[in-house]
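Here, residue 1 is the first one in the sequence, and each next residue gets the next number.
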Amino acid sequence: MPPGGRPLLAEDAQKLRYALNGSEDITVFVDGTVHRLPDQARDAVVDLLARFSRGEAVTVGSVAEMLTTSRAAELAGISHTYLRNLTDRGEIPVEYRGTHRRIRLADIMAWLDKQKKNSTADGVAHHGRDDASEGS
């Protein structure tokens, strides 16, 4: 249903059905600017509006991209076993689909970013110690 929990009025639903019949072009206006939707977005909007026109309840959400442990390990450049150990220790969040582990792409990217920052900080700290020892 549209926001507010009320179905479209029959007349509004009929107008929407008529407008969508055979429609291939969905154009939106945002702050007075015209935007033509890419095919995938257009298809989603048409599906959503068609459901509204039939009086159906609709819930819109997003789905995080979930990776297998093999794909996540490959992306991170680490072994599958090391990745499993990281998830066991809670360093990388994991979800289970049955007995299979799945890792959000955002979580593996955050872990990689953290590793990069730690590596940079370690290099700066090590370099600072070298400079101090040379001055002795």
Could you grab the distance from atom [atom1] of [X] to atom [atom2] of [Y], nearest 0.5 Å is fine?
X	Y	atom1	atom2	answer
Trp111	Leu83	CH2	CG	8.0 Å
Asp47	Arg51	CG	CZ	4.0 Å
Arg101	Glu95	CZ	CD	13.0 Å
Glu74	Thr68	CD	OG1	8.5 Å

Original post:
Got a sec, which residues hit side chain to side chain contact (heavy atoms under 4.5 Å, CB included) with Leu75, two or more places apart in sequence or on another chain?
Top reply: Leu67, Arg71, Leu105, Ile108, Met109
Original post:
Would you say the side chain of Arg97 lies within less than 4.5 Å of the side chain of Met66, judging by non-hydrogen atoms?
Top reply: yes
Subject >> Cluster link Tyr82 to Ile92, ILVMFWY, side chain under 4.5 Å >> reply: yes
Original post:
Going by side-chain heavy atoms closer than 4.5 Å, which hydrophobic residues are tied to Phe29, directly or by a chain of links?
Top reply: Val34
**OP:** Answer yes if the side chains of Arg84 and Thr69 hold a donor-acceptor pair under 3.5 Å, and no otherwise.
**Re:** no
Original post:
Is there a donor-acceptor pair closer than 3.5 Å between any side-chain N or O of Thr120 and the backbone N or O of Lys116?
Top reply: yes
**OP:** Walk me through it: do Ile78 and Leu86 pass the test side chain to side chain contact (heavy atoms under 4.5 Å, CB included)?
**Re:** CA-CA 11 Å; Ile78 58 177; Leu86 291 169; 3.9 Å; yes
